[in-house]
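Here the structure comes first, spelled out in structure tokens, and everything after it is commentary.
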Amino acid sequence: MNELKLSKRLETVAEAIPFGSTLADIGSDHAYLPIYCKLNGIVRFAIAGEVVEGPFQTAKNQVERLNLQNSVEVRRGDGLEVIQPGEVEVVTICGMGGALITSILESGKHKLDGVKRIILQPNIMAINIRKWLIENNWALLQEFILEEDGKIYEVLVAEKGNSIHSYTSGNLETELLLGPFLMQDKSEVFIKKWTSEKKNWERVLSELQGAKSSEEVQAKQEEIKNLIRIVEEAIF
Ligand code: SAM
């Protein structure tokens, strides 16, 4: 992957950015996504936010090498602190766990005033993000799932509005875990992901059966049985 040829994962994110937007990509690492978007005319202006010095310098070097300093600004900082309210229309946060993405959104949510769309690509725990979107009045618009290099990724697209309208099956717990759009599509990749998750839970459950019984162990067993039931009822 580089700024000319994105991974399938980041290409899916780029395709969800409306043409002509202004963008902040938080946790941008090499700044491949904002640079690609600028080079391909998807964005007018982009900010690449990065908290760690090494990737921040790499991103700066990439932008300077391509002479894009006027349209791709690399800023060092934690999460959304690198943007001002109203400065960009689209925010992307990709390639992290759902818990970290959610904590970045939560601690910087005052910076999202004026942002029209957020595109989030959690590597795990998309459920945290779906819950955060509902609690913070962001409407889930689209979900994508894809497999690349043996890993499965989800991409969530949201705009300001009441997210609860996206959850229509009457079973919120299931939709939060699986994704309301993804569970309707039931794509091959989606089935593969949840078949594999179910197998892992079954393995943990059988390991717990050999463990010394305690309230904690019992609670864990119940939690896992519930997850297995949700997946079985929704998919198999
Ligand atoms: N977004 C790129 C992608 O999807 O390929 C890079 C993903 S990389 C796994 C995660 C990047 O996020 C790292 O460069 C890390 O330093 C950065 N990061 C982690 N927490 C951050 C935070 N709170 N604020 C800004 N950047 C952060």
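Whatever order the structure lists ligands and atoms in, that order sets their numbers, starting from 1. Excluded from the calculations below are hydrogen atoms, water molecules and symmetry mates; all remaining heavy atoms, backbone and side chain alike, are included.
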Show me the donor-acceptor pairs within less than 3.5 Å that the side chains of residues 115-134 make with the rest of the protein, sequence neighbours left out.
from	atom 1	to	atom 2	distance (Å)
Arg117	NE	Glu159	OE2	2.9
Arg117	NH1	Ala16	O	2.8
Arg117	NH2	Glu159	OE2	2.8
Gln121	OE1	Arg9	NH1	2.7
Gln121	OE1	Gly95	N	2.8
Gln121	NE2	Asn123	OD1	2.9
Asn123	ND2	Gly95	O	3.1
Arg130	NE	Glu143	OE2	2.7
Arg130	NH1	Leu176	O	2.9
Arg130	NH1	Leu177	O	3.3
Arg130	NH2	Glu143	OE2	3.0
Arg130	NH2	Glu154	OE1	2.7
Trp132	NE1	Glu106	OE1	2.8

Residues, nucleotides or ligands: over 12 heavy atoms within 6.0 Å of [X] [atom1]:
X	atom1	value
Lys193	NZ	yes
Lys109	NZ	yes
Glu53	CD	yes
Gln209	CD	yes

In plain terms, say whether Glu197 and Lys199 are close enough for a salt bridge, that is, a side-chain N and a carboxylate O under 4.0 Å apart.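 Judged by the 4.0 Å cut-off on N to carboxylate O distance, Glu197 and Lys199 do not form a salt bridge.
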N/O to N/O under 3.5 Å, ligand 1 against protein:
from	atom 1	to	atom 2	distance (Å)
ligand 1	1 (N)	Gly27	O	2.7
ligand 1	1 (N)	Cys94	O	3.1
ligand 1	4 (O)	Arg9	NH1	2.7
ligand 1	4 (O)	Arg9	NH2	3.4
ligand 1	4 (O)	Cys94	O	3.4
ligand 1	5 (O)	Arg9	NH2	2.8
ligand 1	14 (O)	Glu50	OE1	2.8
ligand 1	14 (O)	Glu50	OE2	3.3
ligand 1	16 (O)	Glu50	OE2	2.5
ligand 1	23 (N)	Asp78	OD1	2.7
ligand 1	24 (N)	Gly79	N	2.7
ligand 1	26 (N)	Val51	N	3.4

